[in-house]
Amino acid sequence: MATLVTIIVFILFLSAILTGGYNKELMDRFRSHWLWDWITTVDHKKIGIMYGIGGGFFFILGGIEALLIRTQLFYPNNDFIVGRAFNELLTMHGTTMIFFVAMPLLFALMNMIVPLQIGARDVAFPFLNAMGLWFFIAGGILMNLSWLFGNAPDAGWTNYVPIAANEYSAGTGIDYYVLGLQISGFGTLMSGINFLATIINMRTEGMSFLRMPLFTWTSFISSALILFGFPPLTAGLFLIMFERLFGANFFDVAAGGNPIIWEHLFWIFGHPEVYIVVLPAFGIMSEVISTFSKKRLFGYTSMVFATILIGFLGFMVWAHHMFTVGMGPVANSIFAIATMTIAVPTGIKVFNWLFTMWGGKIRFTTAMLYAVGFIPTFVMGGVTGVMLSTPPGDYQYHDSYFVVAHFHYVLIGGTVFGILAGFYYWWPKIFGYKLNEKLGKWNFWLFFIGFHLTFLIQHFIGLFGMPRRVFTYQPEDGLTLINQISTVGAYMMAVATILFVVNVIYSYRHRVPVGNDPWDGRTLEWSIPSPAPFYNFAQLPKVRALDAFWHEKMKGNKEMEPAEPLGPIHMPSNNHLPIVIVLGFFISGLGFVFRSNEVGALGLIFAFLMMFVRSFEKDHGYHVETDEVEKVEKGVKA
Amino acid sequence: MSTAELEQAKTSAKLPPHPERATMEGRNKILGLWLFIGAETVMFACFFGTYLALKGSNLDGPTTQELYQIPMVAISTLILLVSSLTSVLGVLGMHQNNYKKMMLWFGVTVLLGFSFLGLEIYEFVEYVHAGHTFAGSAFGSAFYTLLGTHGAHVLFGVLWISGLLVQVWRRGMSLDMAPKFFSASLYWHFIDVIWVFIFTVVYLMGKV
Amino acid sequence: MEQAKPQQESQATESDAKHLASFAVMIVLTAIAFAAVTMDIVPPAMVVPLIIGLAAIQVMMQFFTFMHLDFKKHRITVTFIFTGLLFGVICVVALKYLV
């Protein structure tokens, strides 16, 4: 009751201040501050940068968690971090890396680049775009608050019941996982819908589906996977939230429930999830490899077809994470065969990348190094995946370090290398200067060698019988040396990451402005200034072929032909409601984590009220007049 | 929106035949809502699957055959089905530039929506008295989660349409309001679609 | 964008009647489903497939008449909705039979 009163008074106080009741000059200073501009922006480029900063921050957190895990495993019977604390580390490492690092960093690149690649001025729903960003930040912060309040989630990133239910995990730990993921999941779903609508509706004239660059295609299919793959997670998280908080009985066998329901719901989400994080990386590889081989992508149509097939099949294979649950040989066989078939379109893509490079004029920039390093690494992860897809084999590999090695090979070899390649490739487009190539090469080699040192031998630890998610092993197990080598590799990866941060700072300090097209690129984003003006295109371009910009260059044109006359450009206005709405959900989440239904409900009511305020808003954006557009274009060319 | 479209919206002259599709924002909003429907289809499917898996676990409570009151369900179904019709009549009114017709039929939709919710709450109170509770058994949890989620969506829908009616009453019809009404009606039809599956899979199959 | 007025109005009245007719069919489908379960008119083994089939027909009518979905004009939307339905069916089947 007291909490309720306190919160109401606090809200009244805040509203009084924020509606300018007290000090108009102070409010004006706030409103013209650059920070307020960034907090209230709906510009896809700024939102992309914020996704990058957020993802980068959580990457440091997740990386530290990994280093602590590997440090504990350096000696047998080590007592550096044991028991519950170790379980919290491995849970948070996995959850953070997937939900608060991989996906946000990919969204960063998708946000910054996809509208430019299709010749659009922003995404379909700029307001929703900003909300999606803040939902991610809120979910990430909520989940990581658990470190401060002494009870982080500790049931693995897969959060199986019954261990994640109240009986075995009393207290707030798992509730942080449930509410944090639910909140950030809403944001992801919004972004998925946003990119789908943008790519379907807002392509510029002449850009048919089969003239879209591969990064846009893979972002499109990945967004479709988000659209259909996140709802099962939403459903499952609601079920486990109701069970933990409100006494429901979905998974409790004594009350007639069934814990396998959670596993199905989680993995029906979980398998598409890994394709969500890998497909955009595939797209980046296609762009980088064709640009730095100075050759068009080999087999464009089959690449598109393979991407669609991978996305579709990705929904049919989830139970290969559940072979040992006891569904029976018929079910196991069906899922095993479906899993193996995904290797086929993936293989098509690998061969097409190789054939793109064959006969090309190859430049080994850092981005290209990551792309070329990705190919053998991801293939190794893929073949261990086929090994895991055989149920009899999986009965041996399941829950061992063999699985850990497999998924790090595909996740780091695929997603992380893809993200790094993408950042090195598109950094000049986003910021107007390149990242330093020498530091980049050091970054790549240290990361690449460190990665293989860490994870190659983990295949063997697994085959020798070491289970995953254990905080120690015995001296007589014979695993000591291998674990130590693995830990050394992890520290190498940490040094490589520090080098990347050094590169970012160094390159900023010594920045040399680049023009529109520092890499001699093939796609539309390279036809506009670097960084892009806030309206992207002064005149939307006319596309005549695949690799639209390259096509124009080969015909002798320096620029794209415009599809419209120069005229006033309609842009969306900044808006403070996205972060306010998310604040409501964040407060609600905190309330439910601390088992205060009043605060939980109040937060939700506030959020929905703010949505209604949004519905009644009358601001339809503003117009950039022709003379201002000309001024910006001239200023950039100067 | 181009300058020309903005001008037209301001003067609120006769709107084009399909006003909701006349602007890029409108087309985006409609597509966005269809995509959202696709996502919600999968989410509700998960709740349906969970219900089907757990509906036999009634423990000491009543079974589906004993519990479900078909006459009440028939009335609820009729109410929602009629409300689906009235919402499409509202859209037709919008297409015919007959804004009184549009507001009337959407208003009726809201009233029917509230009646549905009232009836559903009454039904749940009856079931609780019969021993069928949320925390009492897996069957109860699955039942109330599925139906409750649907009910929450109905509530959001009536509040949304009410808000739109207030907006159009105060500001008049325009190229901005048209996609909002069209999307709201798509949403409303979707929750009727879910109800079709609910009365079939939950209630009718429960009586078999 | 503007169409000839008489054409527009006759098109409009046509749609009104079309939607009322759809509604009538949906009522009939619903009535048959309720009757099949509450009365002894259908062999017991056929009841469940029948009511599911009736539900599927009614849902298609909702999509393609009430919600103005057009198979030719809205191909992408139709693809997404049918994909969603397919994945939904897979989820339901998995949760019912593999648990």
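Side-chain atoms are counted along with the backbone in the values below, which use heavy atoms only and exclude waters and symmetry mates. Each chain gets a letter, A, B and so on, in the order its sequence line appears, and its residues count up from 1.
- Interface remark: A:Ile261 contributes side-chain atoms only to the contact with chain B (heavy atom separation under 4.5 Å).
- Between A:Phe230 and A:Phe269, the ring center distance clears the sub-6.0 Å criterion.
- Residue B:Phe156 touches chain A through its side chain alone, counting heavy-atom pairs closer than 4.5 Å.
- With a threshold of 4.5 angstrom between heavy atoms, A:Ile226 does not approach chain B through any atom at all.
- Taken to the nearest 0.5 Å, the CG atom of B:Leu146 stands 8.0 Å off from the OH atom of B:Tyr51.
- A:Ile193 touches chain B through backbone and side chain together, each having a heavy atom under 4.5 Å away.
- Looking at A:Ser615, the atoms closer than 4.5 Å to chain B (heavy atoms on both sides) sit in the backbone and in the side chain alike.
- Around the OH atom of B:Tyr122, the shell of radius 6.0 Å holds no more than 12 heavy atoms that belong to other residues, nucleotides or ligands.
- Using a 4.5 Å cut-off between heavy atoms, B:Leu164 contacts chain A through its side chain alone, with no backbone atom that close.
- Looking at A:Ala224, neither its backbone nor its side chain comes within 4.5 Å of chain B, counting heavy atoms on both sides.
- Note: B:Phe143 and B:Tyr68 meet the aromatic proximity criterion, with ring centroids under 6.0 Å apart.
- For a residue to count as touching a neighbouring chain, one of its non-hydrogen atoms must lie under 4.5 Å from one of that chain's; by this rule B:Lys180 touches chain A with the side chain only.
- In this structure the side chain of A:Ser219 never reaches within 4.5 angstrom of the side chain of A:Thr216, judged on heavy atoms.
- Comparing B:Leu35, B:Thr133, B:Thr149, B:Val166 by how many heavy-atom pairs each has under 4.5 Å with chain A, the most go to B:Leu35.
- Counting heavy-atom pairs under 4.5 Å between each of B:Arg171, B:Glu40, B:Met43 and chain A puts B:Arg171 at the top.
- At a 4.5 Å heavy-atom cutoff, the contact between B:Ala53 and chain A is made by side-chain atoms alone.
- Taking the six-membered ring for Trp and the full ring otherwise, the centers of B:His132 and B:Phe139 sit less than 6.0 Å from each other.
- Looking only at heavy-atom pairs under 4.5 Å with chain B, the residue among A:Ala255, A:Gly247, A:Gly192, A:Gly229 that has the most is A:Ala255.
- In this structure, chain B has a heavy atom under 4.5 Å from the side chain of A:Phe125, while its backbone stays farther away.
- Outside the 6.0 Å centre-distance limit, the rings of A:Phe246 and B:Phe134 are not counted as a close aromatic pair.
- Interatomic distance, NE2 of B:His150 versus CZ of B:Phe47, reported as 13.0 Å (0.5 Å rounding).
- Close placement of the B:Phe44 and B:His153 rings is indicated, their centers lying within 6.0 Å of each other.
- Residue A:Ile268: no heavy atom, backbone or side chain, is found under 4.5 Å from chain B.
- Taking the six-membered ring where the residue is Trp, the centroids of A:Trp262 and A:Phe250 are separated by 6.0 Å or more.
- For chain B, the nearby part of A:Phe608 is the side chain; its heavy atoms alone come within less than 4.5 Å.
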